[in-house]
2 protein chains.
Amino acid sequence: MLRLTQSEENYLKAIFTLSQDAEGAISTNELAEKMLTKASSVTDMLKKLCEKELLEYQKYQGCALTNTGKSHALAIIRKHRLWETFLVDKLSFGWDEVHEIAEQLEHIQSTELTDRLDEFLGFPKVDPHGEPIPGKDGRIESVSNRILLSEAVVGMKGIIMGVEDDQTEFLQYLNKIGLHLGTPIDIVDKLSFDGSIIVNMDGRQIQFSITIAKQISIKPL
Amino acid sequence: MLRLTQSEENYLKAIFTLSQDAEGAISTNELAEKMLTKASSVTDMLKKLCEKELLEYQKYQGCALTNTGKSHALAIIRKHRLWETFLVDKLSFGWDEVHEIAEQLEHIQSTELTDRLDEFLGFPKVDPHGEPIPGKDGRIESVSNRILLSEAVVGMKGIIMGVEDDQTEFLQYLNKIGLHLGTPIDIVDKLSFDGSIIVNMDGRQIQFSITIAKQISIKPL
DNA sequence: GTTAATTTTTAGACTAGTCTAAAAAAAGTT
DNA sequence: AACTTTTTTTAGACTAGTCTAAAAATTAAC
Ligand SMILES: [Mn+2]
Ligand SMILES: [Mn+2]
Ligand SMILES: [Mn+2]
Ligand SMILES: [Mn+2]
């Protein structure tokens, strides 16, 4: 089994994530922005990962993960989400406190550990932010029909199913307004000029900017 | 708080461990052997750690940890032993399977995590190999009067209290002969020419070489 | 379809950590 | 005290990962 450095793993994960919502290849700049690094560093890394056959890369053409690259990425995401679940379920951390720690724990190398942790947690399907946890085989069970809050239409009712997990302040804000997984909401209004969404939640009216609404997913009822 | 690399942390831990049974400063070669590296690499690292005031170092004089260096080392050892305890107590790993994984987990940076893990485990006093777990404050509670099996005298009775944990094969061997923490033994004989010790354990006679006997500690009864 | 702006790659440099080989210091031996 | 052996340090090189600045390729604009 190919042994990867933490940096290589982080690149694979970033490429995988970017590929989730983008069609086709991932550009060097896009990746540089995600990785908080410079394009020249990305080029170097792409060459290396291409050499290891974890992705396909041709000069000026961006990159795309190979199947091997994908399963490595999925293994890291699996670990990340299992550890987040452990921290919240077993050590009573808040959902806003676990991402940074999981960024470290996801690099621990031991399939046995990952699988036993999975079992210890009762084979959870989603992490504390509602994101699906890939199985041992790398398959992600498709989560029930979800849409982004930003795409909801006025009059729709729904239940909070997932939130972006990588900004502590965002999650703390959600805590403050009492939003958590499972919270039911009504879409009351949508401001056409800036895309803001006004929802009714626990009898209160709350207004979300389009930026925020893109970071929350709901299951329409 | 000073941020250390994994390599720096490993050096501090090694120096601390070597200082436990040696008087005075630790020599460059001694450290190189422990770290499975070359003396020249050690010299470079000693300069760096001295610069950061984690240890005292003068050319050709070896090194010794400062108080800051000691508390860093103790924090790492605390994490190592807490994680080993977690793996054995919560994930049902064998005591021969946890050291390598703990070598990785000990570098996770989060005091909050460490302290919550400690609580989750019920504030254990010793790890799965009988080694004491330093507290939050870095203090090691002195473990009850123990001696090395190699120092036991014929006729003595005792209870297995601790074993070295860094050789998988050694621990597997102990599993095979049914030796674990708490096992009572009688010292039956000692061979003067090679230091071998013969003990009675669960009604069976077992012979340990001096090398093995140095890796087992007992509480005399 | 030529020029301008943007993206991407290359070239060269830097740090951390390691290595080998050689020089210097310390310790041991007659 | 002089010579030998061992230990330790220095010097120079290498890899991984990053950076800046400049060159090259692609894309957009006129
Ligand atoms: Mn996360
Ligand atoms: Mn998450
Ligand atoms: Mn251990
Ligand atoms: Mn141990």
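Naming convention: chains lettered A, B, ... in sequence-line order (proteins, then strands); numbering from 1 in each chain. Just so it is clear, the structure is predicted and the values come from calculations on it, not from any experiment.
We find that CZ of B/Arg3 is positioned 20 Å from P of C/dT15, with the value rounded to whole Å. For the pair B/Lys38 NZ and C/dT20 C1', the computed distance is 8 Å after rounding to whole Å. The CD-P distance, from B/Glu33 to D/dT7, rounds to 10 Å in whole Å. Note: CG (B/Leu31) to C1' (C/dT18) measures 14 Å, nearest angstrom. Atom CG in A/Asp44 sits roughly 13 Å away from atom C1' in C/dA13 (whole-Å rounding). Computed from coordinates, the A/Gln61 CD to D/dT26 P distance equals 7 Å when rounded to whole Å. For the pair A/Leu46 CG and C/dT8 P, the interatomic distance rounds to 10 Å; values are reported in whole Å. When rounded to the nearest whole Å, the span between CE of B/Met35 and C1' of C/dA16 equals 14 Å.
With DNA chain D read from its 5' end, the first of the two nearest nucleotides for A/Thr37 and A/Lys59 is the one closest to A/Thr37. In terms of position on DNA chain D, the residue among A/Tyr11 and B/Asn29 whose nearest nucleotide sits closer to the 5' end is B/Asn29.
Using a 30° and 60° split on the angle between ring planes, B/Trp83 and A/Phe86 fall in the tilted class, from 30° to 60°. Using a 30° and 60° split on the angle between ring planes, B/His129 and B/Trp95 fall in the parallel class, below 30°.
Under 4.0 angstrom from either OP1 or OP2 of C/dA16 there lies no side-chain N or O belonging to B/Ser7. Put simply, A/Tyr57 has a side-chain N or O that comes within less than 4.0 Å of OP1 or OP2 on C/dT9.
Among C/dT18, D/dA16, D/dC19, the nucleotide with an atom closest to any side-chain atom of B/Ser41 is C/dT18. Of all nucleotides listed (D/dT8, C/dT18, C/dT9), D/dT8 comes nearest to the side chain of B/Ser27.
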Between protein and nucleic acid, restricted to nucleotides 22-24 of chain C and to nitrogen or oxygen atoms under 3.5 Å apart, what atom pairs and distances do you find?
none

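With respect to the salt-bridge test (charged N to carboxylate O, under 4.0 angstrom), the residues A/Lys52 and A/Glu8 qualify.
Between the side chain of A/Thr43 and the base of C/dT10, no donor-acceptor pair of N or O atoms lies under 3.5 Å. Checked by distance alone, A/Ser40 brings no side-chain donor or acceptor within 3.5 Å of a matching partner on the base of C/dT8.
Judged by distance alone, the side chains of A/Ser196 and A/Asp194 do bring a donor and an acceptor atom under 3.5 Å apart.
Residues satisfying the salt bridge (Lys or Arg N to Asp or Glu O under 4.0 Å) test with B/Arg3, not counting sequence neighbours, are none.
Judged as a side-chain hydrogen bond (donor to acceptor under 3.5 Å, both in side chains), the pairs with a partner in residues 108-118 of chain A (not counting sequence neighbours) are, in order, A/Arg78-A/Asp115, A/Arg78-A/Asp118, A/Glu112-A/Arg116.
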(message) Evaluate B/Tyr11 against B/Thr5 for side-chain contact (heavy atoms from CB on, under 4.5 Å), listing each step before the verdict.
(response) CA-CA 10 Å; B/Tyr11 273 94; B/Thr5 66; over 6 Å; no
